[in-house]
J.: 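Okay, handing you the structure first.
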Amino acid sequence: MSLSIWLLKTEPNEFSIDDLKAKGAHGEPWDGIRNYQARNFLRDMKEGDLAFIYHSACETPAIVGLATIIRSAYPDQNALKPTSKYFDEKSTPDNIRWSMVDIQFKQKFANPLTLKQIKSDPALADMKLVKSSRLSVSPVSAFEYEHILGLI
DNA sequence: GCCAACGTTGGC
DNA sequence: GCCAACGTTGGC
């Protein structure tokens, strides 16, 4: 099975590509996903898969770099912690509804690919990011991956 | 299981 | 800060 490519959205005010880079080889849990479609994509991720990191809700929304999935989906324990902002009252220790993966910094692009550029490129018109900008985890096709790498 | 109300996201 | 899009909730 070949590796898959994904896109992970984050608000740089909360957690940016630079924050991920600072975590180094230890990587970072990609937690707090509380949307079923996004969760299901998380569960499809395999160790070694790659993910574009996208900065949203900021001055220049853009794909800013690449990360590697270093651990496939496991239960998001934050769902059980009442003090966590990711607490989910409907999750129990036997049935945690939400998942997370671990990712590791791979690359920061010298020239981020802005949402404006993405939207103006016919080759990227089918991207989930363009069609439904709210989905925080989405798949990227091999064609889109190669095309984006050719642009940055 | 329908659907209105409500909350959240995120570009602008 | 506005507002469109859309997911979730809950009454019936």
Side-chain angles (χ1 to χ4, degrees), chain A residues 4-23 27-45 49-69 72-141 143-152:
Chain A
S4 303
I5 313 297
W6 307 92
L7 184 140
L8 296 172
K9 194 178 301 186
T10 182
E11 298 185 18
N13 292 339
E14 300 287 326
F15 191 84
S16 71
I17 184 89
D18 292 322
D19 295 326
L20 181 63
K21 186 177 183 180
K23 299 288 178 179
E28 176 77 359
W30 205 257
D31 60 3
I33 299 296
R34 295 291 179 270
N35 167 284
Y36 281 110
Q37 202 181 349
R39 183 205 67 181
N40 292 341
F41 285 134
L42 280 184
R43 291 182 176 178
D44 287 339
M45 291 181 178
D49 281 359
L50 298 177
F52 285 117
I53 301 298
Y54 175 84
H55 281 175
S56 69
C58 58
E59 196 173 336
T60 308
I63 293 175
V64 294
L66 269 173
T68 307
I69 311 303
S72 59
Y74 59 105
D76 185 345
Q77 300 288 338
N78 294 308
L80 299 179
K81 297 174 189 158
T83 54
S84 169
K85 63 177 173 177
Y86 300 130
F87 177 65
D88 169 33
E89 61 179 8
K90 291 180 181 170
S91 287
T92 63
D94 289 343
N95 183 19
I96 294 178
R97 300 199 298 173
W98 305 108
S99 299
M100 59 187 181
V101 300
D102 288 356
I103 69 170
Q104 182 190 91
F105 175 82
K106 179 177 173 66
Q107 183 186 353
K108 181 180 178 180
F109 300 149
N111 298 299
L113 185 66
T114 66
L115 180 61
K116 197 175 171 185
Q117 289 174 285
I118 294 166
K119 281 184 167 175
S120 65
D121 190 333
L124 300 177
D126 286 335
M127 286 191 75
K128 282 264 189 336
L129 181 68
V130 176
K131 295 193 157 183
S132 170
S133 66
R134 301 182 65 217
L135 191 58
S136 57
V137 180
S138 57
V140 175
S141 74
F143 169 78
E144 289 158 353
Y145 172 67
E146 295 295 337
H147 187 79
I148 290 168
L149 290 188
L151 292 173
I152 53 103

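In what follows, chains are A, B, ... by sequence order, proteins preceding strands, each numbered from 1.
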J.: Contacts to DNA chain B from residues 113-130 of chain A, heavy-atom cutoff under 4.0 Å, which residues?
T.: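 Of all residues in residues 113-130 of chain A, the ones placing a heavy atom under 4.0 Å from DNA chain B are A/Leu115, A/Lys119.
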J.: My understanding is that only residues two or more places apart in sequence, or in another chain, count here; which of them pass ring pair (Phe, Tyr, Trp, His ring centres under 6.0 Å) with A/Trp98?
T.: A/Tyr36
J.: For residues 92-113 of chain A, which residue pairs pass the salt bridge (Lys or Arg N to Asp or Glu O under 4.0 Å) check, not counting sequence neighbours?
T.: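 Pairs touching residues 92-113 of chain A that pass the test: A/Asp18-A/Lys108, A/Asp88-A/Arg97.
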J.: Taking any atom under 4.0 angstrom from a heavy atom of chain A, which nucleotides of DNA chain B are the first and last to qualify, 5' to 3'?
T.: B/dG7 to B/dC12
J.: Is there a donor-acceptor pair closer than 3.5 Å between any side-chain N or O of A/Asp44 and the backbone N or O of A/Phe41?
T.: no
J.: Using a 3.5 Å distance criterion without hydrogens, assess whether the side chain of A/Arg39 forms a donor-acceptor pair with backbone atoms of A/Ile33.
T.: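 Pair absent, no side-chain N/O of A/Arg39 close to backbone of A/Ile33.
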J.: Show every donor-acceptor pair shorter than 3.5 Å between a side-chain atom in residues 51-61 of chain A and any protein atom, with sequence neighbours excluded, or say none if there are none.
T.:
residue	atom	partner	partner atom	Å
A/His55	NE2	A/Ile17	N	3.1

J.: Where do A/Met45 and A/Ile69 come nearest, in terms of heavy atoms and distance?
T.: SD-CD1, 3.7 Å
J.: Taking ring pair (Phe, Tyr, Trp, His ring centres under 6.0 Å) as the definition, give me every residue that meets it alongside A/Phe87, ordered by chain and number, with sequence neighbours left out.
T.: none
